[in-house]
Every structure is written in structure tokens, then in C-alpha cells.
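To start, the structure itself, in C-alpha cells.
Numbering of residues begins at 1 and proceeds along the displayed sequence.
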Amino acid sequence: MTDLLKDLNPQQQKAVTVSDGPVLVLAGPGSGKTRVLTYRVAYLVLERGIPPWRVMAVTFTNKAAQEMGERLQRLLGHARAADLTLGTFHATCARILRREGEAIGIPSNYVIYDTDDQMAVVRQALKDLDIDEKRFAPTSIHSIISRAKNELIPPEAFQPASYLEEVARRVYERYQHLLRANAALDFDDLLMETVRLFRERPDILARYQERYLHILVDEFQDTNMAQYVLLRQLAGRHRNLFVVADEDQSIYRWRGADYRNIFRLREDYPDLATVLLEQNYRSTQTILDAANAVIARNPHRTPKRLFTHRGRGPKIVVHEAYDPEEEAQFVVDTIAELVLKGEAQPGDCAVMYRINAQSRALEEAFIRAGLPYRLVGATRFYARREIKDLVAYLRVVHNPHDSASLFRILNVPPRGIGPQTVRLLEDAARIREVSLWQMIEDVAHGSPAPSLPARIRTALVAFHRAVCAWREASASLTVASLMDRIILDTAYEAYLRDGTEEGEDRWENVQELRSVAAQYPEATLADFLALVALVSDVDNLTESVNAPVLLTLHSAKGLEFPVVFIVGLEEGMLPHTRSLDDPEALAEERRLFYVGITRAKDRLFLTYSFRRARWGEYGPNAPSRFLEDIPESLTEGARVRRRRARKPTAWGVLAELDARIERSAPVSADKKKASRTPPFQVGDAVTHTAFGSGVVLEVAPMGDEWEVTVAFERAGIRHILGSYLQKK
């Protein structure tokens with residue numbers, strides 16, 4: 001252990017070897033927080049002699065948990081690492097409820113509903129309550145329900161503050177009833193029900209409190225209220241709660257995360273020890289200085305001064321584009337230039353943006369250039385039709401009372417059980433307050449109700465027999481072998497491979513799912529289904545393709561790249577329009593930009609467009625206020641307008657023109673238009689610094705400027721301000 005500690009800097013060593021009790025490690029980005037967490041676990045086991053089974057470490061993503069597990073296997077060996085309780089909050093709670101849930105009425109074979117399943121249940125609840133989903137969007141209702149669960153508020157305690165919330169309260173009650181009828185939990189239930197288990201059964205809580213002598217938490221700033229209460233419950237006996245956090249990277253308020261849990265931690269544990277990690281191992285000092293300057297303006301934070309021994313590195317490039325298309329072309333051209341010069345590989349580059357819609361121009365630019373790219377946040381593998389079909393089959397084998405999954409596969413592939421039959425079964429099940437599977441069982445056992453034709457009864461009996469056979473076989477088969485059996489018995493391969501290219505693609509996806517299952521030959525069906533349900537977009541990021549990554553700033557959390565582009569740095573985009581009147585939201589937007597900056601290791605490019613369409617109308621943009629906080633000594637390229645001085649950017653020119661107009665005497669629009677002569681005529685040959693040579697097609701007034709439509713030889717037709725063009 002002494003040799004291992006030599007690899008840590010003094011502050012990291014202090015964090016790893018800190019004495020028992022509550023500990024807060026405030027770790028800046030790239031400061032080795034995962035390393036500190038894993039070494040702390042190794043220190044407890046190897047140096048302090050704590051049995052591994054008495055240590056719990058929780059993270060937020062499967063990818064982080066896997067990385068921590070691999071590191072601990074190297075430090076502790078496979079056997080000791082296997083005895084640790086290591087995983088995400090949701091996976092850890094899922095295991096606890098699988099073992100203990102029956103004490104509060106949760107069956108051990110419960111299923112976890114993913115996002116699509118949850119929305120299906122919300123829609124069913126709306127339908128049952130005769131509420132028009134066109135008036136009350138299921139996504140909005142589900143968001144309110146999720147927020148209540150994150151705050152540990154059950155339906156009976158929910159206090160609506162508006163008519164929408166009153167509707168949500170009624171849906172929430174029905175939603176929970178439907179989940180219970182299907183022996184299902186959603187993601188939020190995994191946390192809320194575990195807290196309820198510990199509250200209602202103090203004897204069970206006491207066992208877990210005694211078992212876990214040390215509890216370690218990664219990304220503590222992203223915890224919500226349910227997670228905070230859960231941690232406080234588990235640490236209630238020994239008080240050895242070790243959390244790693246950075247309030248400057250709290251960017252998930254919209255999904256319940258509350259960085260104020262750091263303040264609650266200080267209040268609940270007055271003897272809290274705090275260790276700062278400020279040495280960064282990822283970025284150059286120039287990038288860190290920019291990040292420090294941006295985040296320093298946020299209130300209610302612990303000051304940190306990030307530093308590195310990597311040297312200053314090149315300056316940050318700030319680029320002003322005319323519009324999103326030119327901005328995207330700048331990104332593509334710059335990446336191509338870096339690759340051509342041997343300064344980067346395509347896969348070293350990441351392009352980040354505030355909202356998904358911004359990827360459109362970028363994707364088009366990459367496609368035009370014939371360059372591959374990876375898009376995080378597109379259709380997920382596990383959201384594809386054929387994958388959801390097979391997962392639904394596995395869920396029904398695991399728990400046939402899972403009505404959402406049963407409904408999905410009842411006639412896939414077609415077996416003569418049409419929608420009308422399913423509606424009859426659902427109506428009968430609702431009247432009798434039983435599950436859809438119970439109705440199918442009744443039909444299979446000869447029940448005359450509901451009234452069904454003989455051929456449909458025959459199809460239901462055959463389906464029932466098949467599911468029962470799969471359930472029996474699942475006890476001895478691996479998940480991959482069970483999948484093979486289901487595909488064979490249902491002729492699912494022939495159903496997919498219909499002779500089309502799309503059919504072949506779908507079959508390849510099925511084969512990929514089987515490969516995933518084959519990687520876990522010892523996993524139970526419950527374990528595999530939990531793995532599938534809890535996987536995230538970023539966890540699916542493939543490292544094998546050497547191509548630039550396009551992703552939102554929220555998706556970039558936890559990642560790093562040698563070269564980073566952050567595009568769309570304009571007022572209304574970042575910070576987003578919705579945050580401008582909310583100080584808390586504006587502070588989170590600043591944290592989001594900070595996260596983006598600190599993903600960069602070597603090179604950072606910051607871009608904004610002078611002109612962008614909003615609600616279908618193009619108009620000029622102001623550069624983001626966050627750019628103003630970066631000292632000019634750290635940047636090159638465009639000079640951003642600042643509060644004390646205007647710089648010669650397009651925005652600065654427009655602002656000066658507007659100021660001149662305001663100072664001048666009022667002039668009618670017609671007279672003003674007549675008194676001005678266009679600087680270009682149709683047919684004029686012109687040049688542009690980025691687009692090259694072109695010919696003027698049209699000239700039109702635009703405020704005190706002129707908008708010129710130009711057909712460029714290389715860039716096609718563009719709309720450019722006249723001040724950006726020169727006659728040839």
C-alpha cells in the first residue's frame with residue numbers, strides 16, 4: 001500500500017488516508033477523483049483491514065462503476081474486489097429490493113420499467129381516467145411524477161399547486177396502481193421504495209447499517225433528495241460517509257439533482273472533514289485558467305484554483321461564424337486540418353452543443369465532406385424495435401404479469417391474436433382487477449370468459465404453453481441460450497429477415513444483443529434485464545470508430561477529449577433563453593459551460609454565429625456573456641464584445657450601427673430606403689474571407705445594412721451582410 005500511495009499527490013494521499021467519520025472531497029475536473037475513490041477503498045481493505053463485504057461504493061453510471069471495478073480488481077485482486085458492493089445507486093437499490101422487497105409488498109421477481117414502458121403506463125393511466133393526452137402531455141405528467149418521487153412524495157402526500165399538478169396527482173395514483181398490478185418498478189421507485197423499506201422496517205435497516213462500515217459516493221453533487229436520504233440512512237450507525245463532489249459540475253437540476261446536498265451534508269455532519277483536490281491531470285493551464293475565470297462568477301461555491309504541470313499549451317481559439325452552416329464548416333475544416341498536420345486523430349475530437357437540434361448543421365457538414373462521425377443521443381441500441389421485442393420476451397419469461405411487455409409480444413410475430421382480442425382481454429382483466437397474464441391463464445385452463453372464437457383460444461393456449469416452457473427452461477439455460485430458444489420457437493428470425501436490407505440490419509441487431517448476453521454467461525435473467533434497463537447513452541459510446549463525436553454538453557459530463565469544439569455560444573443558446581430570468585438556472589448554465597471547457601485536454605475551440613434562425617426567423621445574435629469572462633490574453637481569433645469596449649466583430653459593427661441610428665433624428669423608412677444606394681449590383685463578382693469567390697444574385701435592405709445573396713463557387717448560395725464582402 002505504501003508503494004501505491006507514492007503514485008498520489010499530497011492532497012490525494014490526504015484524502016485516501018483520512019481518518020474515519022464523514023469526509024467531503026471537493027475534486028476539480030481532471031483531478032483524479034475516481035483514482036482517489038478506488039485507492040480509498042484499497043486503503044481501507046489493505047491497510048485498515050476492513051473486510052471487502054463491509055464496503056459499499058456507489059456511482060452514477062454503469063461505465064463509471066465498471067471502470068472502478070476494473071481498477072479495484074488490479075489493486076485488490078479478483079476475489080476481494082468481488083466481495084465489494086459496487087455499482088450505481090439504482091443497481092444497488094435494485095439488488096436490495098430483490099432480496100428484501102417482499103417485506104413491504106414488492107415481489108422478488110419485479111421488473112424494472114424503462115422510459116418507454118413508463119410512458120406507456122402514463123398513457124394507460126390517462127386513458128383509464130378519461131383524460132385527454134392532447135391537453136395534458138404524458139411527458140409533462142411523467143416529469144411531475146418523477147420529481148415527486150425524487151422528493152420522496154407518494155401520491156397520497158402530493159400537494160398540487162396548479163390544475164396541471166392536480167391532474168398529475170390523479171394520474172400518479174393510477175400510475176402507481178398499474179405498476180403494482182404489473183409487479184413493476186420504475187427507476188425512481190428503486191430509490192423511493194428502498195428508502196420506504198428502511199423507514200418501515202428498522203430491523204432490516206439495522207442489518208445494512210451494521211454490514212456497511214464504510215460508504216463511498218462518487219459525483220455526490222448529482223444526488224437528489226431520495227439518494228441523500230438513502231445515504232444518510234445507511235451511514236446512520238457508523239457515520240463513515242466518504243463523498244467525492246464538485247459543486248461546479250452540478251448540471252442535472254432538471255432531473256432532480258441538487259448540489260445543495262453538499263450544504264445539507266455540512267449541516268448534518270458538523271464534524272465533516274473537507275479535502276480539496278485542485279491539481280489537474282487532464283488539461284493545459286490555458287484551458288484551466290479560462291475555466292477558473294468562467295466559474296469564479298458563480299455564487300455559493302467553494303473557491304478552487306485548478307493548476308497543472310502540463311504547461312500552458314496553445315491559446316483558445318474563438319471563432320465568429322456568419323451562421324450555423326458556416327460554423328459547422330469551420331468545425332469540419334479545422335478537424336481536417338488538424339488531422340492533415342498530424343496534430344490529432346479524428347477520434348480525438350468532440351463537438352459539443354447545448355441542445356440536440358444544433359447537431360443538424362454539423363451532421364450535414366460532415367456528410368457533405370464525406371467524413372464519418374459518431375452521434376451520442378441518437379436512437380439508442382436498446383430502443384430499436386427488434387431489441388425491445390426480444391427484451392420484452394425475456395421480461396415475460398422472468399415475470400409474466402408484466403403486462404406492458406406481454407402486450408408488446410402477444411402478436412409479434414403475428415399469431416392471430418389481434419388488437420380487438422387484446423382489448424377484450426384487457427377490459428376483462430380491468431374489471432376483475434387482475435393482470436393480462438392471469439386472463440390468458442384462465443383462457444388456457446378453459447375459462448369461458450371472455451367470449452372468444454375457437455381459433456383465437458387455440459392461439460392463446462399455444463402462447464401460454466410456450467411461455468411456461470421457456471420459464472421452466474430458464475432455470476438451466478444461460479440468457480443467450482434462452483434467447484436462442486425463444487427465437488427458434490417463435491420463428492422470429494424469419495419474421496425479421498423478410499428479404500429486405502432493413503430486415504438484414506434488424507437481424508444483425510438481434511445478433512448483437514445475443515453477443516451482449518453471451519458476455520455474461522453466469523448472469524441470471526434478472527441480472528441481465530437489470531443491466532439492459534439501466535444502460536445509458538454515454539455508456540454505449542463506441543471507442544472503436546476513429547471519428548469525431550457529436551454530443552450535448554450534458555452528455556459530455558465525465559468524458560475527455562484532446563480536442564474540443566463548443567459551438568453555439570450565443571445569448572439565448574448558452575445561456576439558454578429559459579434560464580435568463582432565473583438566477584439558479586443561469587448559474588447552472590455557467591456550470592454547463594465550465595464542464596464543456598474542462599473536457600478539453602490540449603486544444604479548445606469556442607464558436608458562435610452572428611446569425612441564427614429562431615422560430616423560423618433569422619436574426620442577429622449576441623455572443624454569450626460567458627465568453628466575456630475569459631481573459632483576452634488566453635484567446636486568439638475573434639475578439640468578443642465586452643461591457644467596457646466594443647470589438648470589431650459583426651456583432652460589434654451591428655451594435656455600433658444601431659447606436660448611430662438611435663442618435664440620429666427620426667427618418668421615415670421609405671425616405672431612409674430611398675436615400676441609400678446598394679453597395680453591390682446583381683451580377684457583381686465578390687469575395688468572402690471564408691467562402692471565396694462568388695456572384696451576387698440579390699441585394700436587400702436589412703436595418704442599416706444590406707443582405708446580399710451570393711452564389712459562391714465552393715460554398716453554394718449564401719446570405720451575407722454586405723460589410724463582409726468585397727468587389728473583385
Side-chain angles (χ1 to χ4, degrees), residues 90 112-182 184-193 195-196 222-229 250-261 354-357 377 383 403-404 407 426 430 552 554 572-589 591-592 614-616:
H90 292 92
I112 304 170
Y113 274 11
D114 66 14
T115 303
D116 290 341
D117 299 324
Q118 293 167 37
M119 293 309 301
V121 177
V122 169
R123 288 191 171 93
Q124 183 61 52
L126 287 165
K127 180 181 176 183
D128 292 349
L129 296 170
D130 197 25
I131 297 172
D132 186 359
E133 68 174 67
K134 292 180 180 178
R135 288 188 59 202
F136 300 96
T139 52
S140 299
I141 297 294
H142 181 263
S143 177
I144 294 171
I145 294 172
S146 178
R147 193 159 59 244
K149 289 186 176 185
N150 286 336
E151 296 293 325
L152 299 174
I153 302 172
E156 61 273 15
F158 186 79
Q159 297 293 323
S162 64
Y163 182 61
L164 174 62
E165 291 191 356
E166 170 57 29
V167 172
R169 183 197 63 77
R170 294 165 54 204
V171 176
Y172 185 7
E173 188 173 12
R174 181 62 184 166
Y175 173 81
Q176 289 300 98
H177 177 81
L178 292 171
L179 287 180
R180 296 302 171 262
N182 292 333
L185 301 177
D186 63 18
F187 292 148
D188 299 317
D189 280 334
L190 294 175
L191 302 172
M192 188 169 75
E193 294 297 341
V195 171
R196 182 168 75 90
D222 291 333
T223 54
N224 59 34
M225 178 57 73
Q227 289 159 336
Y228 181 78
V229 171
S250 180
I251 58 173
Y252 298 122
R253 189 176 74 139
W254 51 275
R255 69 181 190 196
D258 191 349
Y259 75 96
R260 290 172 297 185
N261 282 344
R354 176 62 177 84
I355 61 174
N356 275 308
S403 297
F407 178 83
E426 284 186 317
R430 190 175 301 113
T552 65
H554 283 102
M573 191 65 74
L574 185 68
H576 195 276
T577 303
R578 290 190 300 266
S579 71
L580 298 180
D581 297 325
D582 181 349
E584 280 286 337
L586 191 59
E588 181 156 313
E589 294 287 297
R591 292 195 292 269
L592 190 59
R614 300 286 173 85
W615 299 284

* Asked: Are the side chains of Ile355 and Met573 in touch, meaning some heavy atoms are under 4.5 Å apart?
  -> yes

* Asked: Between atom OG1 of Thr115 and atom CG of Asp186, what is the distance when rounded to the nearest 0.5 Å?
  -> 9.5 Å

* Tell me, yes or no, whether the heavy-atom count around Asp132 atom CG, taken from other residues, nucleotides or ligands under 6.0 Å, exceeds 12. => yes

* Asked: Would you say Leu586 and Asp581 make side-chain contact, with heavy atoms under 4.5 Å?
  -> no

* Asked: Do you know the tightest heavy-atom contact between Asn182 and Ala404?
  -> ND2-N, 4.3 Å

* **Sub-4.5 Å side-chain heavy-atom contact between Gln227 and Asn261** => no

* Looking at Tyr113 and Ser403, what are the two nearest heavy atoms and their distance? -> OH-N, 3.9 Å

* Asked: Do Leu574 and Glu589 have side chains that get closer than 4.5 Å, going by heavy atoms?
  -> yes

* Counting N and O atoms only, with roles assigned by atom type, does the side chain of His554 sit under 3.5 Å from a partner on the main chain of Ile251, one being a donor and the other an acceptor? -> yes

* Taking all non-hydrogen atoms of both residues into account, name the closest pair between Glu193 and Arg180 and its distance. => OE2-NH2, 2.9 Å

* Distance in Å, Ile131 CD1 paired with Arg123 CZ, rounded so as to fall on 0.5 Å steps -> 14.0 Å

* Asked: Do Val195 and Met225 come within less than 4.5 Å of each other through their side chains, counting heavy atoms only?
  -> no

* **Side-chain touch Glu166/Arg170, heavy atoms, less than 4.5 angstrom** => yes

* Which heavy atom in Ala125 sits nearest to a heavy atom in Val171, and how many Å separate them? -> CB-CG1, 3.9 Å

* Report the distance from atom CD1 of Ile112 to atom CG of Asp189, rounding to the nearest 0.5 Å. => 10.5 Å

* Give a yes or no on whether the backbone of Ser579 and the side-chain of Asp582 come within a donor-acceptor separation of less than 3.5 Å. => no

With a cut-off of 3.5 Å and sequence neighbours excluded, list every side-chain donor-acceptor pair involving residues 151-162.
| from | atom 1 | to | atom 2 | distance (Å) |
| --- | --- | --- | --- | --- |
| Ser162 | OG | Glu165 | N | 3.3 |

* Do Gln118 and Val122 come within less than 4.5 Å of each other through their side chains, counting heavy atoms only? -> no

* Structure fact -> Output for pair (Leu126 CG, Phe136 CZ), nearest 0.5 Å, gives 9.0 Å

* Aromatic plane relationship, His90 with Phe187 - under 30° parallel, 30 to 60° tilted, over 60° perpendicular -> perpendicular

* Asked: Can you tell me how far the OG atom of Ser250 sits from the CG atom of Leu592, to the nearest 0.5 Å?
  -> 11.0 Å

* Structure fact -> Interatomic distance, CG@Asp222 vs OH@Tyr252, rounded to 0.5 Å, equals 6.5 Å

* With side chains defined as the heavy atoms from C-beta onward, is the minimum distance between Leu179 and Gln176 less than 4.5 Å? -> yes

